[in-house]
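Input: a single structure, listed below in structure tokens.
As a basis for the values below, the full set of heavy atoms in this structure was taken, side chains included, without hydrogen atoms, waters or symmetry mates. Remember, it's a predicted structure, so these values are computed and weren't measured experimentally. Residues take their numbers from the sequence shown, with the count starting at 1.
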Amino acid sequence: MDTPSFGAPAGRESLQPESTQSTNLPLKAMSPGVVDYLFRQLVSGRPAEDIQWEREGITLAAQPEGAELARRLSETDIDALTPTELFHYVRAAQRLAAWAEDLRQAAVGRYCHAGTGAPRPGRQAI
């Protein structure tokens, strides 16, 4: 039986037709939202990069960390983002995560130091 195996020598010819040999490379798929966006840009004669969202208000890159940035990130349909917008989305999510981690560390530090002394004035011990 002459079937190729995973350990076949490199010089052995593939049994696939020539037309399908080049399609063995991994393909990068675009989401339906990106394809739709790019098609609309092409039809209207505009460039593929979306620059209008930068003019409509504060960008994700300029949005301060906090509840508003978290809301905007959670409400964003990431399947509809262009590659540039997705890059800015990821960076904003990283900034938000770092900000939240700083808040957590500050709260843990305060919690650890709060139990070392007498209750502060105006606070009741639990």
*E75: what forms a side chain to side chain contact (heavy atoms under 4.5 Å, CB included) with it, not counting sequence neighbours?*
R71
*asked:* Which residues pass the side chain to side chain contact (heavy atoms under 4.5 Å, CB included) test with L73, not counting sequence neighbours?
replied: L60, L69, Y89, A92, A93, L96
*Non-neighbouring partners of R72 that pass salt bridge (Lys or Arg N to Asp or Glu O under 4.0 Å), sequence neighbours left out*: none
_Closest heavy-atom pair and its distance - H88, A61_ = ND1-CB, 4.1 Å
_To check you understand the geometry: which heavy-atom pair defines the closest contact between R95 and E65, and what is its length?_
NH1-OE2, 2.7 Å
*Atom CG in D79, atom CG in D77: separation rounded to 0.5 Å?*
5.0 Å
